[in-house]
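All chains are named by letter (A, B, ...) in the order of the sequence lines, taking the proteins before the strands, and each is independently numbered beginning at 1.
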Amino acid sequence: MEKRYEMTYPEGYEKLAKDLKMPFDDINTKKMMLGFLVNTLING
Amino acid sequence: MDMNELRHERATLFHDACDCRNKGRVPHFAAFVTWKVLDAGYKLSEVFGNYDRMEECVRRFLDRYKVDTLLDTTFLNVQFSIFSHFGEGYYYYSDESEAVGVKPFSIAPIEELLEYCENPTKYLFTKALPKKWPDIGERTLEDWQKAFDENQKFGAYYGRISKIVSEEYGLPAVSSSAFGYIAPFMETMFNSVRGIKGLSVDVRRNPEIIKKAVEIMDGRNVDPAVAKIYAAENGHDYDACFDLSMVMLVHTILSNKSYDELYWPTLKKIFDACEARGKNVRLTIEGSGERIFDHFAEYKPGTISLYLEEDDIFKTREKYPDICLIGGMTTTTLGRGTKDECIDLTKKLINEVGRDSGYIFGENKFICYRSDANGDNLKAVCDYLNTYHA
């Protein structure tokens, strides 16, 4: 079963940020980077 | 010439023009966007999302046309490659019409605007994304990862092309990175959060909600930037053409009263700080802004430079002799005129708009369509600007 995410905050958001592979481990940085992605997805 | 020296020389031309004290060559602010793709012989579909080709288009443009800065190196900043993985976006393009378009959209309804302001990240994730794509919950980790990786590739391209433009072509950045991009919330609401139609109605029916939203968001985003300007040393950033850049669109739907109450207080804070610290702001005035220019003329020369789209640059110069003006080359002349007509207009702009100083040459629109410019005309104009000295 592939992993899916509930669109909840902060739980779903943090879980997704944690699971995404990024060039950093710090969770706050990962959350910030996910924020940039969400902005791109919303505005594009 | 050494590229660092060339970059500094060009940045100095811009800053001196903003300060209304340029006496030599008039710098060229080149607002070429998707036209670069067509001029390089490609279709839009052959370039969007293909970062090597995007770089090639920028290089081909800068190899042929000797401009002093280039507004756009990311082709409208739209990351079409993400949406091909994730779901349909608002932007679209067509090879047939050679155009990029955007569907009208609004992120939050007026009744949820203050909820958005309370925590934008939460709102976007829990409400806006599911509204845009009702099946968003079906996206797997792999889907999200692909979107993230594409977003990173775009960021890497932006870093790479910025370095190339700066180090290999000696172009200063358009704006200093010192203060980030300051976007008053009125503009953000107009562009995305409420959309043009929504905000047009809101400012008349719900001005109190809009005012509250502006207070929250500009207090959170603009005020710290203003504090940063006050904390900075006096003077310009010579790695860039302008210390700040802002694009104004929302004035086109505001009455004078709405403008004064909802927008001007934020702008005033920013401009006051810039005046106090000797920073210049390039204001791109979409549509016509004539009725609001009196506010700007009250600032010390050098604080505000106006990049005009629809306003007549010659009449604006007559009325405001101490404001630096940018623009003037029409797409009609550049696209459909002869070389002589293009050079004649360039001379007229330099002589009449830049009669003493305070003028930066530019196109009067962001150049997107094939018919907006003829390459031979542009080359002739660039060659003229590079050899002309007052």
Enquirer: For the atom pair CE (A/Met7) and CG (B/Leu124), what is the distance rounded to the nearest 0.5 Å?
Expert: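 The CG atom of B/Leu124 is 10.0 Å from CE of A/Met7, to the nearest 0.5 Å.
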Enquirer: So with a 6.0 Å cut-off around NZ of B/Lys103, is the heavy-atom count from everything else above 12?
Expert: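 Enclosed: over 12 neighbouring heavy atoms sit under 6.0 Å from NZ of B/Lys103.
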Enquirer: Tell me, yes or no, whether the heavy-atom count around B/Tyr369 atom OH, taken from other residues, nucleotides or ligands under 6.0 Å, exceeds 12.
Expert: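 12 or below, so no.
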Enquirer: Which residue out of B/Val102, B/Thr121, B/Asp143 racks up the most heavy-atom pairs below 4.5 Å with chain A?
Expert: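 Sorted descending by pairs with chain A, the first entry is B/Thr121.
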Enquirer: Using a cut-off of under 4.5 Å on heavy-atom pairs, state which of A/Leu16, A/Val38, A/Leu34 scores highest against chain B.
Expert: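 The residue among A/Leu16, A/Val38, A/Leu34 with the greatest pair count is A/Leu16.
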Enquirer: Please flag which part of A/Pro10 lies under 4.5 Å from any non-hydrogen atom of chain B: side chain, backbone, both or neither.
Expert: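 For A/Pro10, neither part sits under 4.5 Å from chain B.
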Enquirer: Does A/Asn28 CG have over 12 foreign heavy atoms under 6.0 Å away?
Expert: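 Yes - once you tally the heavy atoms of other residues, nucleotides and ligands closer than 6.0 Å, there are more than 12.
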Enquirer: Are there residues of residues 132-139 of chain B whose heavy atoms fall under 4.5 Å of chain A's heavy atoms? If so, which?
Expert: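 Interface residues of residues 132-139 of chain B: B/Lys132, B/Trp133, B/Ile136, B/Gly137, B/Glu138, B/Arg139.
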Enquirer: Give the member of B/Gln79, B/Glu150, B/Lys131 that has the highest number of heavy-atom pairs under 4.5 Å with chain A.
Expert: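 Result: the option with the highest number of such pairs is B/Gln79.
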Enquirer: Is chain A contacted by the side chain of B/Gln145, its backbone, both, or neither, given a heavy-atom distance below 4.5 Å?
Expert: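 Looking at B/Gln145, backbone and side chain both touch chain A.
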Enquirer: What part of B/Leu129 gets closer than 4.5 Å to chain A, counting heavy atoms only: side chain, backbone, both or neither?
Expert: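 For B/Leu129, backbone and side chain are both near chain A.
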Enquirer: Shorter than 4.5 Å, heavy atoms on both sides: which option in A/Thr8, A/Asn39, A/Leu41 has the most such pairs with chain B?
Expert: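 It is A/Leu41.
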Enquirer: In terms of heavy-atom contacts, does CD of B/Glu111 have more than 12 from other residues, nucleotides or ligands at under 6.0 Å?
Expert: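 Check passes, neighbour count above 12.
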Enquirer: With the side chain counted from C-beta on, respond yes when A/Leu37 and B/Trp144 share a heavy-atom pair under 4.5 Å apart, and no when they do not.
Expert: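 Yes - at least one pair of side-chain heavy atoms lies under 4.5 Å apart.
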Enquirer: Is there side-chain contact between B/Phe148 and A/Met33, with at least one heavy-atom pair below 4.5 Å?
Expert: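 SC-SC contact between B/Phe148 and A/Met33 confirmed.
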Enquirer: Starting at CZ of B/Phe125, measure out to OH of A/Tyr9 and round the result to the nearest 0.5 Å.
Expert: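 Between B/Phe125 CZ and A/Tyr9 OH, I get 10.0 Å after rounding to 0.5 Å.
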Enquirer: Is the CD atom of B/Glu112 crowded by more than 12 outside heavy atoms at less than 6.0 Å?
Expert: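 Count over threshold, so yes.
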Enquirer: Supply the atom-to-atom distance A/Thr40 OG1 to B/Asn151 CG, rounded to the nearest 0.5 angstrom.
Expert: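 Taking OG1 in A/Thr40 and CG in B/Asn151, the distance rounds to 4.5 Å.
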Enquirer: Less than 4.5 Å to any heavy atom of chain A: does that hold for the side chain of B/Phe105, its backbone, both, or neither?
Expert: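 It is the side chain, since no backbone atom gets that close.
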Enquirer: Let me know if B/Asn119 has heavy atoms under 4.5 Å from chain A in its side chain, its backbone, both or neither.
Expert: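 Looking at B/Asn119, just its side chain touches chain A.
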Enquirer: Any side-chain heavy-atom pair from B/Leu141 and A/Tyr5 closer than 4.5 angstrom?
Expert: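 When only atoms from C-beta onward are counted, A/Tyr5 and B/Leu141 do touch, with a gap below 4.5 Å.
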Enquirer: Roughly how far, to the nearest 0.5 Å, is the CG atom of B/Asp149 from the CE atom of A/Met22?
Expert: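 Here the interatomic distance stands at 9.5 Å.
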Enquirer: Report, in residue-number order, which members of residues 177-195 of chain B are under 4.5 Å from chain A by heavy-atom distance.
Expert: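 Checking residues 177-195 of chain B against chain A gives B/Ser192.
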Enquirer: Which atoms of B/Phe86 come close to chain A, meaning under 4.5 Å heavy atom to heavy atom: side chain ones, backbone ones, both, or neither?
Expert: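 Contact with chain A involves the side chain of B/Phe86 alone.
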Enquirer: Does A/Glu6, at its CD atom, have more than 12 non-hydrogen atoms belonging to other residues, nucleotides or ligands within less than 6.0 Å?
Expert: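 Open.
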